[in-house]
Amino acid sequence: MDIKQRIPERAAPFDDILAEMASYRTNDADWKGGKVWSLVYHAGDEFSEFLKRAHNLYFSENALNPMAFKSLRRMEAEVVRMTASMLHGDEQVAGTMTTGGTESILMAVKCYRERGKARGIKQPEMIAPESAHVAFEKAAHYFGVKLRKAPLDRNYKADVDEMRRMINRNTVMLVASAPQYPQGVIDPIEAIGALAQEKALPLHVDSCIGGFVLPWIERLGRPVPLWDFRVPGVTSISADVHKYGFSPKGASVVAYRSMEYLKHQFFISTDWSGGVYASATMPGTRPGGCISAAWAAMVGMGEEGYLRHTAEMLDAFDALRAGIPKIPGLVVVGQPEASLLAWSSEGHETGKPRLDVYAVAEQMAARGWTVDRQQYPASVHLTVMSNHRKAVDAYLEDLRASAAHVAAHPEENSQGNAAMYGLMAKVPVRAFVRQGVQKVMESLYAPNPKFEPDPEDSHLLPERFRRYEPHVIRAIDTVFDLKTRITRR
Ligand SMILES: Cc1ncc(COP(=O)(O)O)c(C=O)c1O
């Protein structure tokens with residue numbers, strides 16, 4: 001299909017335009033059927049229609065100027081307040097809405113960098129567990145804060161002793177996750193909070209994915225270790241309404257224990273010829289619909305709705321957690337405590353996996369499932385939602401068949417995407433992988449990108465990396481096993 005090159009001279013009929021747009025969906029992932037394990041959080045068609053109306057009600061308004069649209073300022077304040085009380089914050093907790101988890105994390109890092117600067121720190125550093133979301137690396141990249149990654153313990157939790165060892169006089173913040181994305185594990189936040197208090201450092205808890213699900217898991221009577229504002233050392237939390245809060249995309253909350261922290265997040269310019277300018281978050285213009293729809297999602301879901309969806313999610317989660325280890329050769333990685341999990345091969349801990357995970361992933365993809373491949377260890381990630389309850393039996397059946405296929409056809413491991421992902425994880429010089437991915441980004445954002453799948457383009461790595469002889473790969477394997485063993489003591 002040709003890419004449009006210019007604005008058409010004549011406007012097309014609205015119905016034709018909408019039909020054309022709908023036709024672009026042909027190759028999109030099928031999220032409604034439960035075959036996608038991230039990206040879309042769906043609470044049913046009726047709820048979606050309600051959210052669209054709520055979004056449309058403030059379709060034109062702009063929260064850039066909260067004085068002009070007090071309606072939006074009110075709803076933003078209420079979203080933050082409702083979130084803060086869900087996270088057991090008191091009336092001092094202050095925060096803002098952002099466009100998503102990444103922006104909430106960017107804002108927290110920017111805030112603590114400024115706070116550090118006010119205390120004379122010129123070369124700021126943050127300490128985050130290796131499993132912390134990549135948005136912290138992005139924040140480090142954007143804001144010139146050095147990210148120091150603390151190793152994990154055997155259970156994929158932050159190693160608090162390692163974090164303690166890394167603190168120095170440039171440290172401006174500590175980070176923990178509830179839960180972290182790769183394995184769904186909650187860091188030992190009470191211990192990290194105690195460390196933060198002892199060293200008088202702020203602690204940001206990234207609960208972008210857990211914020212709107214852990215409180216309900218706890219309310220349903222499952223043990224959840226303390227992780228929110230009840231932990232005295234926690235100074236801020238990010239929680240995404242657009243994940244388990246079921247709002248449409250573009251809504252997260254970053255909440256601080258008090259204005260003493262939040263005040264460092266603001267940007268103020270006094271000298272621009274366009275006037276004195278102040279903003280609380282990254283964007284200038286802020287779409288009103290994201291705020292009104294997030295407000296509507298929370299009020300329209302209510303505690304009862306969140307509890308119901310969480311209970312349904314837990315049914316699916318429990319079935320996966322119990323069913324995956326029953327498949328010969330597969331295991332669940334670590335001990336996931338919330339709504340996320342990753343499966344891998346038996347033996348991955350010792351560097352001698354029984355099955356090639358990426359080959360099993362290929363088999364799952366061929367059966368129509370969207371697979372989120374991870375590395376260190378090679379695994380596949382599942383973000384489990386209420387919407388997956390109906391899909392779990394089919395998933396487990398296909399996973400059993402896929403694992404059996406790979407066990408019976410080991411020769412396929414070194415072919416196609418399975419080989420490519422395996423190799424990407426193993427190339428020891430990460431700059432090579434970066435180069436390959438850079439090329440992919442350039443082709444995705446090229447002036448005339450291709451949208452039809454092209455089998456020739458299916459590998460991310462330049463040809464020369466695919467030429468590694470098997471013995472070189474074995475050597476790389478050894479280096480990597482060593483590295484994983486060192487970092488996961
Ligand atoms: C733990 C965690 N933090 C941050 C993010 C980033 O959120 P977003 O994709 O909304 O920017 C995610 C996304 O999955 C996450 O799981």
Side-chain angles (χ1 to χ4, degrees), residues 29 31 36-42 79 83 87 95-110 126 128-143 147 149 152 156-158 173-187 189 192 203-215 217 224 227-228 234 236-255 281-283 286-287 290-291 293-294 297 313 317 333-334 336-342 370-374 379-385 388:
W31 53 269
V36 177
W37 295 87
S38 57
L39 302 173
V40 180
Y41 295 74
H42 183 55
V79 165
T83 306
L87 305 179
T96 64
M97 284 187 70
T98 66
T99 54
T102 299
E103 194 195 345
S104 286
I105 289 169
L106 293 177
M107 288 295 83
V109 173
K110 185 263 182 205
M126 64 176 137
E130 274 183 4
S131 53
H133 195 268
V134 67
F136 290 97
E137 193 175 328
K138 201 178 205 179
H141 175 72
Y142 284 173
F143 298 144
L147 170 61
K149 292 188 187 174
L152 310 179
Y156 296 88
K157 289 181 190 254
M173 68 185 290
L174 303 180
V175 172
S177 312
Q180 40 92 307
Y181 175 86
Q183 290 87 27
V185 163
I186 301 175
D187 285 326
I189 289 170
I192 302 174
L203 166 60
H204 181 79
V205 174
D206 174 15
S207 184
C208 283
I209 206 156
F212 277 79
V213 73
L214 290 177
I217 294 181
V224 177
W227 64 275
D228 58 16
V234 172
S236 55
I237 297 178
S238 43
D240 293 356
V241 201
H242 71 193
K243 293 195 171 80
Y244 288 99
F246 292 111
S247 81
K249 310 278 172 292
S252 170
V253 170
V254 57
T281 54
M282 296 280 283
R286 298 171 71 205
C290 294
I291 296 174
M313 176 282 291
F317 179 78
V333 184
E337 286 156 291
S339 51
L340 321 172
L341 61 88
T370 302
V371 276
D372 294 322
R373 298 167 184 85
Q374 305 192 123
S379 53
V380 169
H381 176 95
L382 303 176
T383 298
V384 188
M385 304 159 203
H388 287 123

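Below, each value reflects all heavy atoms present in this structure, side chains not excepted, and no hydrogens, waters or symmetry copies. Counting starts at 1 for both ligands and their atoms, in listed order.
- A heavy-atom distance below 4.5 Å is not found between the side chains of S38 and W31.
- For the residue pair H381/S379, the side-chain donor-acceptor check at 3.5 Å is not satisfied.
- Nearest protein heavy-atom neighbour of atom 7 (O) of ligand 1: K243 NZ, 2.8 Å.
- Residue contact check for ligand 1: Q180 places no non-hydrogen atom closer than 4.0 Å to it.
- The closest protein non-hydrogen atom to atom 16 (O) of ligand 1 is Y181 CD1, 3.4 Å.
- In the vicinity of I209, heavy-atom distances shorter than 4.0 Å reach the ligand 1 atoms 16 (O).
- Counting only heavy atoms of the protein, atom 1 (C) of ligand 1 lies nearest to D206 OD2, 3.3 Å.
- Distances below 4.0 Å separate heavy atoms of D240 from the following atoms of ligand 1: 7 (O), 10 (O).
- Remark: minimum distance from atom 11 (O) of ligand 1 to any protein heavy atom is reached at T102 OG1, 2.5 Å.
- With contacts defined as side-chain heavy-atom distances shorter than 4.5 Å, the pair V185/E337 qualifies.
- Comparing H133, H242, K138 against atom 12 (C) of ligand 1, the shortest heavy-atom distance belongs to H133.
- Side-chain contact between I217 and M313 is present, with heavy atoms from C-beta onward closer than 4.5 Å.
- Not a single N or O atom of E103, backbone or side chain, sits closer than 3.5 Å to an N or O atom of ligand 1.
- Side chain to side chain, S104 and S252 meet the donor-acceptor criterion of an N or O pair below 3.5 Å.
- In this structure the side chain of D206 reaches within 4.5 angstrom of the side chain of F136, judged on heavy atoms.
- Contacts with ligand 1 closer than 4.0 Å are made by side-chain heavy atoms of I105 only, the backbone lying farther away.
- An N or O contact shorter than 3.5 Å is missing between G100 and ligand 1 by distance.
- Partners of K110 under the salt bridge (charged side-chain N to carboxylate O under 4.0 Å, His left out) rule, at least two apart in sequence or in another chain, do not exist in this structure.
- With sequence neighbours excluded, the residues forming a salt bridge (charged side-chain N to carboxylate O under 4.0 Å, His left out) with D240 are K243, listed by chain and number.
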